[in-house]
K.L.:
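A single structure is presented below for examination.
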Amino acid sequence: MSCRNGASLKERIENKKKIVVKVGTSSITYDNGKLNLRFIDQLARQICDLMNRGIQVILVTSGAIGVGVPVLGFREKPAYLPYKQAAAAVGQGFLMNVYERIFHEYGRHVGQVLLTKGDSLNPKRYMYARGMMMALLELGVLPIINENDAVAADEIKIGDNDTLSAIVASIADADLLVILSDVDGLYDKNPSKYDDAKLLSEIPSFSRSLFQMAEGPGTARGTGGMYTKLLAAEICVHSGIDMIIAKSTVPSVLYRLMDGEAIGTFFRSEDVHPQMKKRKMIIGADLKGKLFVDEGCRDAVLHKGSSILPVGVTGADGDFQDGDIISVFCGDEELARGITHFSRKDVEKICGMHTSEMNAALGYEAPYDTVIHRDNLFVLH
Ligand code: GLU
């Protein structure tokens, strides 16, 4: 199979360095709600082997509520929200305990990350979530992510882990999302209704008409959750992230996908410049202040893609806090916008200083050595 811009699927996949794998409740549990340990073991083995190959992996897993329900003695998912939250609290611990032990057998540590909607919408929380995920990956730990169902009530919920996995892929700057599911992929019509339905092996460019192909939200939700998978695909392709939907029961599915075998449906992403990804997050947000930098810093930011260090900062303006979006000036020229790690008060204490002098000036241990990290800096030129 070849992709539109010339690169074959195999070539595209071979270049992937950071991937998100999403597994659903139906893949990791049996119908009675008990864990499918055979599947989890095979998943862990493949993920650890990919990590040993040098690929960074993040696992997004469902199952907290599904696993917690029988543990608490409920026959089915309770409608009463506090019971559902209780099931999630119990099930999440249960799930992590199993993941921890199985991944450990293959030599990897795991880190539990529970997110809520606010982590993707609020720039400050986005920045902290991103920093934490990058750190786990850098330290060779497998982040295992779920929505924080024990605290998230309906109005603050992302609600489904297909969308969550796409958000995670975008927060972590992944280059591929693999959704392992109980469906083979996207069909041109509903395969449970039409015998001649054909599996689409590649979607070269995403269009909203695909939602119709999945027969609209109502039906699609009932047919293997294709609606939320298409929502995830939409987020991914517009963020420059390729996505695959494949059946979790295909033997060695991850190995084979990462070897470039055409399994399931491949959604080819748009070419999105890394700067444009940051643009979405940074441009349009309320600017809370200004940071002034010297010529040396200007040059490093514009020509070397550097972060902004305190030593290059000459002053600040406005009433901003850490996590706020501020603009960066050299004289009258606006160079960039980004998310600051320090409040104005603290910036004024450390401006012009070398990293080694920061702690004494701040009176606490500085959590970052940059005022704005280049990952969170959108250069305007
Ligand atoms: N976060 C939910 C859970 O762990 C699952 C949501 C979903 O399956 O999409 O139970």
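When a ligand or atom number is given, it counts from 1 through the structure's own listing order.
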K.L.:
For S62, counting its heavy atoms only, list the atoms of ligand 1 lying under 4.0 Å from any of them.
P.N.:
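This gives 4 (O), 5 (C), 7 (C), 8 (O) as the contact atoms.
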K.L.:
May I ask you to check if ligand 1 and N161 share an N or O to N or O distance below 3.5 Å?
P.N.:
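By distance alone, the answer is yes.
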K.L.:
For the residue pair V21 and L180, establish whether any side-chain heavy-atom pair is separated by less than 4.5 Å.
P.N.:
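Yes; the side chains approach each other to less than 4.5 Å.
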K.L.:
Check if G63 has a non-hydrogen atom at a distance under 4.0 Å from any atom of ligand 1.
P.N.:
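Heavy atoms of G63 do come under 4.0 Å of ligand 1.
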K.L.:
With distance as the sole test, does H341 use its side chain to make a donor-acceptor pair with the main-chain N or O of T370 at under 3.5 Å?
P.N.:
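Yes, the answer is positive, given that a donor and an acceptor are paired below the 3.5 Å cut-off.
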K.L.:
So which heavy atom in the protein is nearest atom 1 (N) of ligand 1, and how far is it from that ligand atom?
P.N.:
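So the nearest neighbour among protein heavy atoms is D149 OD2, 2.7 Å.
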K.L.:
So does F39 have more than 12 non-hydrogen atoms from other groups sitting under 6.0 Å from CZ?
P.N.:
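Above 12, so yes.
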K.L.:
Can you find an N or O of E147 that's nearer than 3.5 Å to an N or O of ligand 1?
P.N.:
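No, E147 has no N/O under 3.5 Å of an N/O on ligand 1.
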K.L.:
Look at atom CG of D31 and say whether more than 12 heavy atoms of other residues, nucleotides or ligands are closer to it than 6.0 Å.
P.N.:
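No - once you tally the heavy atoms of other residues, nucleotides and ligands closer than 6.0 Å, there are 12 at most.
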K.L.:
At a 4.0 Å threshold, what atoms of ligand 1 neighbour a non-hydrogen atom of N146?
P.N.:
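Near N146, meaning under 4.0 Å from one of its heavy atoms, ligand 1 has 1 (N), 3 (C), 4 (O).
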K.L.:
Charged N to carboxylate O under 4.0 angstrom, D319 versus K290?
P.N.:
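Answer for the salt bridge query: no.
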K.L.:
At a 4.0 Å threshold, what atoms of ligand 1 neighbour a non-hydrogen atom of D160?
P.N.:
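Here the atoms of ligand 1 in question are 9 (O).
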K.L.:
Among all protein heavy atoms in this structure, tell me which lies nearest to atom 10 (O) of ligand 1, with the distance rounded to 0.1 Å.
P.N.:
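Looking at atom 10 (O) of ligand 1, the protein heavy atom closest to it is I65 N, 3.0 Å.
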K.L.:
Does the pair R101/E105 count as a salt bridge with the N-to-O cut at 4.0 Å?
P.N.:
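Here R101 does not pair with E105 in a salt bridge, since their nearest N and O are not under 4.0 Å apart.
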